[in-house]
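Structure first, then comments.
Per chain, numbering begins at 1; letters A, B, ... match sequence-line order.
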There are 4 protein chains.
Amino acid sequence: MSNKGRTDSQVSPHFTDEEDRRHVRERLVFFSDAVIAIAMTLLALELPVPHGQTNAEVWHSFVELLPDEYLNFVISFGVIAAFWVAHHQYFREIHVVDATLRRYNLGWLFLVVVVPFATRVSSEVGDLILGPVLYAVVISAIALLMVQMVRHATRAHLMRTEAPTQRMRGLVVGTGTAAAVFLLSIPVSFASPS
Amino acid sequence: MSNKGRTDSQVSPHFTDEEDRRHVRERLVFFSDAVIAIAMTLLALELPVPHGQTNAEVWHSFVELLPDEYLNFVISFGVIAAFWVAHHQYFREIHVVDATLRRYNLGWLFLVVVVPFATRVSSEVGDLILGPVLYAVVISAIALLMVQMVRHATRAHLMRTEAPTQRMRGLVVGTGTAAAVFLLSIPVSFASPS
Amino acid sequence: MSNKGRTDSQVSPHFTDEEDRRHVRERLVFFSDAVIAIAMTLLALELPVPHGQTNAEVWHSFVELLPDEYLNFVISFGVIAAFWVAHHQYFREIHVVDATLRRYNLGWLFLVVVVPFATRVSSEVGDLILGPVLYAVVISAIALLMVQMVRHATRAHLMRTEAPTQRMRGLVVGTGTAAAVFLLSIPVSFASPS
Amino acid sequence: MSNKGRTDSQVSPHFTDEEDRRHVRERLVFFSDAVIAIAMTLLALELPVPHGQTNAEVWHSFVELLPDEYLNFVISFGVIAAFWVAHHQYFREIHVVDATLRRYNLGWLFLVVVVPFATRVSSEVGDLILGPVLYAVVISAIALLMVQMVRHATRAHLMRTEAPTQRMRGLVVGTGTAAAVFLLSIPVSFASPS
């Protein structure tokens with residue numbers, strides 16, 4: 001092999017800090033992707049099959065399940081997909097991962113894993129207060145933690161560039177708005193008759 | 001380390017646009033793979049175990065489950081596997097991922113996640129119209145969205161080469177045919193007696 | 001950036017065949033890993049919890065579940081783990097992936113996905129013939145398909161080296177022996193009283 | 001392409017030992033991540049939905065489920081997350097993976113996959129001895145196996161550096177303490193009245 005390309009093994013028998021930095025960043029992103037993908041797919045696992053003996057009965061059952069079960073599934077899939085995009089945009093700007101970011105990210109994944117559960121609660125006791133309130137709390141916590149992760153990345157100089165980019169500012173505006181909307185829905189749930 | 005191989009960390013402390021392009025493409029492909037793999041494996045989760053007290057009873061139960069439950073599982077596994085190959089061939093030609101492709105891909109994954117549900121509906125109320133129609137709608141939507149993704153990649157110049165390759169043309173023909181077959185099955189389902 | 005390291009983006013704006021070869025190989029391996037990991041973890045999903053009101057009852061229930069449910073779980077985990085190692089050793093020697101290998105690999109993954117189902121059948125109707133026979137058929141099919149994959153790799157020149165390595169020969173011996181043992185267990189199942 | 005950057009394909013048509021070393025290490029880490037991510041997410045799959053007809057009833061049901069079901073979920077998620085961090089820190093120091101480390105790692109993953117089951121046992125028969133004892137045995141086995149993996153890496157010279165680093169020593173102290181705490185909880189479980 002030429003001395004000029006990929007000389008790692010000859011010059012330095014053990015891998016470099018640059019390989020370590022990439023490995024740490026890639027593994028965090030990879031592990032997050034696996035958790036998000038599973039949470040997303042599990043949403044569909046509990047979709048109830050419409051039942052009935054005739055075409056009319058099955059169709060009726062399908063229409064009945066539409067507003068609660070099926071719509072909730074579509075919304076939660078869309079919410080997790082939007083957060084995946086946010087997570088993706090965030091890590092595009094991250095150059096180095098530190099221990100604090102690792103902890104934040106694990107907390108963030110914990111909340112994502114709770115989304116399928118919050119969706120089930122919403123489908124089963126959605127007419128009562130607990131359903132929408134739990135859902136709103138979980139979603140706004142995911143959004144707020146993402147805002148906190150942007151703040152940490154700025155302060156701890158984890159980003160590719162010194163000044164927050166357009167992408168990062170868009171991320172804060174988007175997740176901040178989502179958090180505000182869901183937080184505002186909580187008093188509305190308490191005010192409306194169950 | 002030689003100045004000539006892998007000089008990133010000395011010359012440029014923060015990673016390059018080329019690293020970003022690869023990261024974006026790889027993460028999208030990776031995330032898609034995780035979702036497809038889970039959808040595929042979940043198909044097997046709901047396979048019913050044949051039951052009975054004697055060898056003859058268990059065998060009878062097994063044979064009874066064969067045409068609906070087990071065959072549907074094999075077909076759906078084959079369908080998702082074929083779409084994985086199509087997705088794989090597609091992304092081999094993709095050089096850059098843009099925001100529109102990211103959105104299309106998330107919509108495509110949504111439909112793949114619905115396949116295990118459509119399979120369950122097909123197994124449980126497959127004699128009625130909803131079963132085969134829902135299945136045909138989901139499968140042809142996956143195929144048509146793939147055709148649309150090829151069109152977008154051509155128009156937005158996301159591919160490695162300017163002219164669509166042999167592989168891309170084969171992809172359009174294959175998914176287009178699949179969509180046509182499944183769409184044609186819908187009026188047949190309505191016409192045939194349930 | 002120096003013109004000498006990572007000159008891809010300047011010299012060739014679109015990625016090279018070498019990047020494509022790695023991408024194809026890595027994606028196949030990655031996708032397989034995801035499927036194997038899920039099949040492995042789903043084994044534990046259906047483990048029954050021992051029940052009872054007192055310590056003695058729970059312990060009794062635990063001991064009763066040990067030979068069928070828990071032991072079958074441990075065996076199937078070990079079997080899938082051993083096949084993961086075989087798959088890993090195989091792909092270490094593979095330099096290029098072709099369409100035939102892709103198809104073989106998808107068939108191989110299909111059989112791996114069936115293992116948790118075969119384990120459930122084995123636990124529930126394991127005293128009857130179907131349980132052990134289905135299990136033996138699935139496991140020996142996985143082993144034989146791996147032998148066929150080694151033959152294909154040799155014939156189609158997909159490997160790093162021309163002559164099959166020590167690792168590849170060990171793989172054929174190991175999986176061939178496993179297939180033989182499980183295939184021999186089938187007539188034994190028929191002969192022994194149920 | 002310049003002869004100086006990425007000359008693999010010209011100089012050596014087949015990939016190098018350095019590519020093999022990286023592939024082996026990355027695949028092991030990747031596969032582990034997939035298994036850990038699934039085990040973590042499956043924890044949430046079995047969370048019971050609080051039930052009731054009125055807000056008061058649902059709230060009461062939620063509060064009742066809190067100490068056993070929900071708290072156990074949070075603890076197990078935290079435990080697996082902490083072990084993921086330990087696994088991550090461990091493999092940052094690992095330069096080469098050998099067959100023994102591969103076996104240890106598969107055994108380690110087996111124990112991680114058992115955690116959701118141990119959590120379920122803990123939730124359902126947690127007042128009796130089996131619940132806490134099984135949980136403590138599984139968690140301390142995971143911790144002790146990690147200590148053994150550090151010892152093996154030192155003896156077999158698998159690490160980037162000859163002397164164990166600060167990170168490795170911290171890992172041994174952390175997992176060793178966890179093992180000690182959980183092992184000490186076992187006699188306590190037997191001593192306390194059920």
Side-chain angles (χ1 to χ4, degrees), chain C residues 2-8 10-12 16-19 21-22 25-26 29-30 32-38 40-59 61-62 70 73-74 77-78 81-82 84-85 87-89 91-93 95-96 159-162, chain D residues 1-10 12-17 19-20 23-24 26-28 30-42 45-46 97 99 102-103 105-107 109-110 112-125 127-131 133-134 190 194:
Chain C
S2 154
N3 205 34
K4 283 153 188 165
R6 301 199 147 251
T7 50
D8 303 34
Q10 290 99 321
V11 178
S12 142
T16 59
D17 288 345
E18 175 64 13
E19 185 179 336
R21 180 190 69 74
R22 289 187 191 209
R25 179 173 175 257
E26 292 304 318
V29 166
F30 168 83
S32 307
D33 266 9
V35 172
I36 300 169
I38 302 161
M40 216 173 209
T41 319
L42 289 185
L43 286 172
L45 197 64
E46 288 140 15
L47 286 177
V49 171
H51 51 271
Q53 301 298 321
T54 64
N55 283 324
E57 279 175 28
V58 170
W59 183 249
S61 164
F62 183 82
Y70 298 152
F73 161 65
V74 174
F77 192 97
W84 178 79
V85 172
H87 194 268
H88 178 60
Q89 299 293 48
F91 276 96
R92 282 178 75 179
E93 301 298 317
H95 183 245
V96 182
M159 290 193 287
R160 289 170 74 184
T161 51
E162 279 310 302
Chain D
M1 203 207 274
S2 153
N3 205 34
K4 284 155 188 163
R6 299 199 149 252
T7 50
D8 302 37
S9 51
Q10 290 101 321
S12 141
H14 295 285
F15 59 74
T16 58
D17 288 345
E19 185 179 336
D20 181 54
H23 175 79
V24 170
E26 292 304 319
R27 186 168 181 187
L28 193 82
F30 169 83
F31 182 69
S32 306
D33 266 9
V35 172
I36 300 169
I38 302 161
M40 217 174 206
T41 319
L42 289 184
L45 196 64
E46 288 141 16
V97 171
R102 195 151 48 225
R103 272 195 293 274
N105 191 62
L106 284 168
L109 292 176
F110 173 79
V112 169
V113 163
V114 172
V115 171
F117 169 67
T119 307
R120 264 191 295 151
V121 173
S122 214
S123 294
E124 294 186 28
V125 294
D127 301 339
L128 303 172
I129 286 176
L130 188 69
V133 168
L134 180 69
F190 277 100
S194 58

Restricting to side-chain hydrogen bond (donor to acceptor under 3.5 Å, both in side chains), what partner residues turn up for C:Ser61, sequence neighbours left out? none
Residue pair C:Pro50 / D:Phe117: nearest heavy atoms and the distance that separates them: CD-CZ, 4.4 Å
Checking D:Arg27 against chain C: side chain, backbone, both or neither under 4.5 Å from a heavy atom? both
Kindly assign one of parallel, tilted or perpendicular to the pair D:His23 and C:His88, based on the angle between their ring planes and the thresholds 30° and 60°. parallel
Using non-hydrogen atoms and a 4.5 Å limit, figure out which bit of C:Leu43 sits close to chain D: side chain, backbone, both or neither. neither
Heavy-atom contact with chain C under 4.5 Å, split by part of D:Val125: side chain
Checking C:Gln89 against chain D: side chain, backbone, both or neither under 4.5 Å from a heavy atom? side chain
Can you name the closest pair of heavy atoms from D:Leu109 and C:Phe77 and give their distance? C-CZ, 4.1 Å
Who passes side-chain hydrogen bond (donor to acceptor under 3.5 Å, both in side chains) against D:Thr119, sequence neighbours left out? D:Ser76
If one checks every heavy atom of C:Gln53 against chain D at 4.5 Å, the contacting part turns out to be backbone
Is it the side chain or the backbone of D:Glu46 that comes within 4.5 Å of chain C heavy atoms, both, or neither? side chain
Rounded to the nearest 0.5 Å, what's the gap from CH2 on C:Trp59 to CD1 on D:Ile129? Could you check? 10.5 Å
First locate atom CG of C:Leu42, then atom CG of D:Leu42, and finally report the distance between them rounded to the nearest 0.5 Å. 6.5 Å
CG/C:Asn55 to CG/D:Leu130 distance, rounded to the nearest 0.5 angstrom? 8.5 Å
Using heavy-atom distances under 4.5 Å, tell me whether C:Val85 contacts chain D through its side chain, its backbone, both, or neither. side chain
I need the minimum non-hydrogen distance between C:Gly52 and D:Leu128, along with the two atoms involved. O-CD1, 3.9 Å
Mind checking whether C:Trp84 and D:Leu106 have side chains closer than 4.5 Å, heavy atoms only? yes
Let me see the working for D:Val114 and C:Phe73 under side-chain contact (heavy atoms from CB on, under 4.5 Å), right down to the final yes or no. CA-CA 10 Å; D:Val114 172; C:Phe73 161 65; 3.9 Å; yes
For the residue pair D:Phe30 and C:Ala34, what are the closest heavy atoms and their distance? CE2-N, 4.2 Å
Side-chain heavy atoms of D:Val113 within contact of C:Met40, under 4.5 Å: no
